Amino acid sequence: MLSLQKVLAAVACIAICIPAAAQAPSGGQRPLENQMPAGAMGFLVVDNVRATMDKAHAYLRDIGLAQMLLPPDADLVESLKGSSQLGEGFNPDGSFGIVLLNPEPLGIDVEQLARADETGQEPKLPFVMYIPGSGVREVFPSHPIEMEGRFQRVQFPAGPMYATHSGGHVMISPMPEALEAAVNSTSGTSALDDQQAQRFREADAGVFINFEVAGPVIIKMLDSKQRQLEAQPPDQLDEGEQTMLRVFEFYKRIIPQMQDVQLLARFAPESLRFDEFARFKPQSELGRMVASAKPGESLPLDRLVNISYAMAMGASSGEGSGELSGEWIDSMLANVPDVSEATRRRMRDNLMELGEQVREWQFVVGQAPPGAGILGMSLVMQVRDPAKAREILADIADTLQEGMNQSDDENFRNVTITHNANSVQVAGVQADVVEVNHPAISEPDMQGHISLVLGEERVRVLIMPAGDNRLVLTLGGAQEYASAALEAARQGSGDIPQDDDVQAVMKDMPSKPTSVFLLNGANMWRLSARLQQSEGEDAQQMPQMIQTNRPLAIAAATQDSTIHAAMSIPNVLVREMIQAALGMAAPPAREPATQDTGAEAF
């Protein structure tokens, strides 16, 4: 049997992997999500099984997998019935659901659930499954069935399940107590507000997790696992177990601040779309931080230099995240080897101070324009005090050097990181330079390769003031690239938000997002090919197998104390990635159009 945490993970995965069609249940019944037991930890709902299968089949055809995996006349509903041995009483036009009840009122020991994997005991899991159909025997005609108390006992190959019929559904559970609680419970409509219920109706599938109920259970399970690990001698804990202890502490701070999470999936006309609505308690630290995050009037990518972006992202920051950010930084730095505690504290202080400075940031990596190397990276930060932020960046460079000096690895000890304030002039401003050196960099072959990739024979980051409390950091592309990045940051002239493919995917994203991530598969492929070719004449040339500029997009927006995160995966990108992975795509007759729209600026 599965442990409780695995069931929770499985519920979330089902929401992502098996989208359903949002159609009203037949017979005038209330939506299944409004029939879920009150006080449940969470539930999953697929409103129409047949529509789910039809949309899934159409999606598989569009991305090119149906032709490889399914026969031409495949009927997914009949395949489901056959593989699950469902009878004619099964109603494929009905809704399907799974609910996970609170284990404690049913007498289940949460700590035993948490340790079931180690003890080898078979845990009791309080879930109930809702299968649309006319009756228990009609839906499961191939399995032995007998009455046991008020329920029917269905003998499946994996073990017995208890079943009853109610509201057009066969309800089954491995625990008769859970089935009894689900049958006797009042309607769960109070778990959803009107907006959440509307989202369920608009989505193709949905999961709801009530952290008011699930949170305390998860915390108890984490506590049990933590005590089990802490009972071991510290020197016997491996790195993975030490990381788990830090992760437990991190989540034990987050979970009590959460109110509920809604996960939704749907098939958009040209993409697969996923949404998550995480609602925090309004007076909690995270709730106040989320409420303070304010989006700009435009897509937060407008200050980025115009290059063929492979990856672009931007975000604005909220207030009051200091203590939680500190815990996250502690967890990250704890994994850095061969560094003294004093150096860790210094780096933590550096990062915390920088985090307090940054109000908004944008980042891009992609192909540098012709004549400026291969790789260009730039970061634009809007800060409270540019002079103070530059001091912090200088101290970060010094702290990194301190850490390198402490390393047991000679290669790291040979690295030198230097910071020189106002050491070069770029487009009329004095720029700081952070330069990284190593004896290997001085070798002629390495210098030639670095020059080919970065456009100059040095590995350095330029830090430039751009006005309006903005700083621009660049790596690669040499000084011409830095000048263009500076100009874009000053003017807000970056053209990524105006790109047709970006606008197409952003129509599927939250309006006025506080953060955005874009991944352009064609440009990423092209950049990888050029970097591979830079390794030498004998390097194998990569054919251009990803040609679409329609990016994968992730965006988040905030409203009050709720974060809405969305992801759009274009069908054409998935199709070309599958073809590339299978080696099925032929090299194009000509190089597809790139996004070097800003080359003129150089």
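Quick caveat: nothing in here was measured; it's all calculated off a predicted structure. Only heavy atoms go into these numbers, but all of them, side chains included; no hydrogens, no water, no symmetry mates.
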- Message: Is a donor from one side chain sitting under 3.5 angstrom from an acceptor on the other, for N549 and D501?
- Response: no
- Any side-chain heavy-atom pair from Q226 and D223 closer than 4.5 angstrom? yes
- Judged by modelled atom types alone, do R199 and Q196 share a side-chain donor-acceptor pair under 3.5 Å? no
- Taking all non-hydrogen atoms of both residues into account, name the closest pair between P132 and G94 and its distance. CB-CA, 3.7 Å
- Message: For a quick check under 3.5 Å, do D302 and Q362 share a side-chain donor-acceptor pair by atom type?
- Response: yes
- Query: Counting only heavy atoms not in E88, do more than 12 fall under 6.0 Å of its CD?
  - Reply: no
- Item | Residue that, paired with Y309, satisfies side-chain contact (heavy atoms from CB on, under 4.5 Å) out of L519, V502, V365 | V502
- With sequence neighbours left out, which residue pairs that include part of residues 167-181 fulfil the salt bridge (Lys or Arg N to Asp or Glu O under 4.0 Å) condition? R150-E180
- Task: Kindly indicate whether the side chain of L582, heavy atoms from C-beta on, has any atom under 4.5 Å from the side chain of M68.
- Result: yes
Would you give me the side-chain donor-acceptor pairs under 3.5 Å for residues 136-146, sequence neighbours excluded?
none

- Quick one: do M53 and L80 satisfy side-chain contact (heavy atoms from CB on, under 4.5 Å)? Show the steps, please. CA-CA 9 Å; M53 295 299 183; L80 172 67; 3.6 Å; yes
- Task: Decide side-chain contact (heavy atoms from CB on, under 4.5 Å) for M311 and F363; before the verdict, give the C-alpha distance in whole Å, the side-chain angles of both, and the deciding distance to 0.1 Å.
- Result: CA-CA 8 Å; M311 182 174 65; F363 173 78; 4.0 Å; yes
Side-chain donor-acceptor pairs of residues 99-106 under 3.5 Å, sequence neighbours excluded:
| unit_1 | atom_1 | unit_2 | atom_2 | d |
| --- | --- | --- | --- | --- |
| N102 | OD1 | E104 | N | 3.2 |
| E104 | OE1 | K220 | NZ | 3.4 |
| E104 | OE2 | K220 | NZ | 2.5 |

- Can you find a heavy atom in the side chain of F200 that is under 4.5 Å from one in the side chain of L192? yes
- Query: Heavy atoms, side chains only, cut-off 4.5 Å: are D275 and H564 in contact?
  - Reply: yes
- Message: What I want to find out is whether K252 reaches E249 closely enough, with some N-O distance under 4.0 Å, to be called a salt bridge.
- Response: yes
- Query: Does any non-hydrogen side-chain atom of M506 lie less than 4.5 Å from one of V516?
  - Reply: yes
- At their closest point, which heavy atom of V183 faces which heavy atom of M171, and how far apart are they? CG2-CE, 3.9 Å
- Which atom of P174 lies closest to which atom of L125, heavy atoms considered: CG-O, 3.8 Å
- Given E285 and R253, is the salt bridge (charged side-chain N to carboxylate O under 4.0 Å, His left out) satisfied, shown in steps? CA-CA 10 Å; E285 178 186 10; R253 276 188 56 80; 2.5 Å; yes
- Which is it for L179 and T164 under the side-chain contact (heavy atoms from CB on, under 4.5 Å) test, yes or no, and what are the steps along the way? CA-CA 8 Å; L179 190 58; T164 190; 4.3 Å; yes
- Item | M524 atom CE: more than 12 heavy-atom contacts under 6.0 Å | yes
- Hits for salt bridge (Lys or Arg N to Asp or Glu O under 4.0 Å) against E78, two or more places apart or cross-chain, chain-then-number order -> none
- Task: Would you tell me whether S95 and H169 have side-chain atoms, one donor and one acceptor, within less than 3.5 Å of each other?
- Result: yes
- Could you tell me whether the side chain of Q259 reaches within less than 4.5 Å of the side chain of F211, counting heavy atoms only? no
- d(N571 CG, D62 CG) to nearest 0.5 Å is 4.5 Å
- Neighbour count >12 (heavy atoms, 6.0 Å) for atom OH, Y251: no
- Among pairs that include at least one residue of residues 51-92, which meet ring-ring contact (aromatic ring centres under 6.0 Å, His included), considering only residues two or more places apart or in two chains? Y59-F267
- Query: What heavy-atom pair brings N210 and A40 nearest, and what distance separates the two atoms?
  - Reply: CB-O, 3.7 Å
- Message: Against F43, only a single residue in Y130, F208, F96 fulfils ring pair (Phe, Tyr, Trp, His ring centres under 6.0 Å); can you say which?
- Response: F208
- Query: Under the side-chain contact (heavy atoms from CB on, under 4.5 Å) criterion, do I554 and L552 qualify, and how do the steps go?
  - Reply: CA-CA 7 Å; I554 301 173; L552 179 149; 4.0 Å; yes
- Query: Sequence neighbours excluded, which residues qualify as side chain to side chain donor-acceptor pair (under 3.5 Å) partners of E148?
  - Reply: R153, Y162
- Message: Whether E202 and R266 form a salt bridge (side-chain N of Lys/Arg under 4.0 Å from carboxylate O of Asp/Glu) is what I want to check.
- Response: no
- Message: A side-chain contact here means heavy atoms from C-beta on lying under 4.5 Å apart; do L518 and M313 qualify?
- Response: no
- What heavy-atom pair brings A315 and P300 nearest, and what distance separates the two atoms? N-CB, 4.4 Å
- Query: Atom CD1 of I496 and atom CD of Q503: how far apart are they, to the nearest 0.5 Å?
  - Reply: 12.5 Å
- Does a side-chain N-to-carboxylate-O contact under 4.0 Å join R50 and D75? no
- Task: Locate the shortest heavy-atom distance separating A553 from V505; write the atom from each residue and the value.
- Result: CB-CG2, 4.0 Å
- CD/E270: more than 12 non-hydrogen atoms of other groups inside 6.0 Å: no
- Does the side chain of I172 reach to within under 4.5 Å of the side chain of V128, using non-hydrogen atoms? no
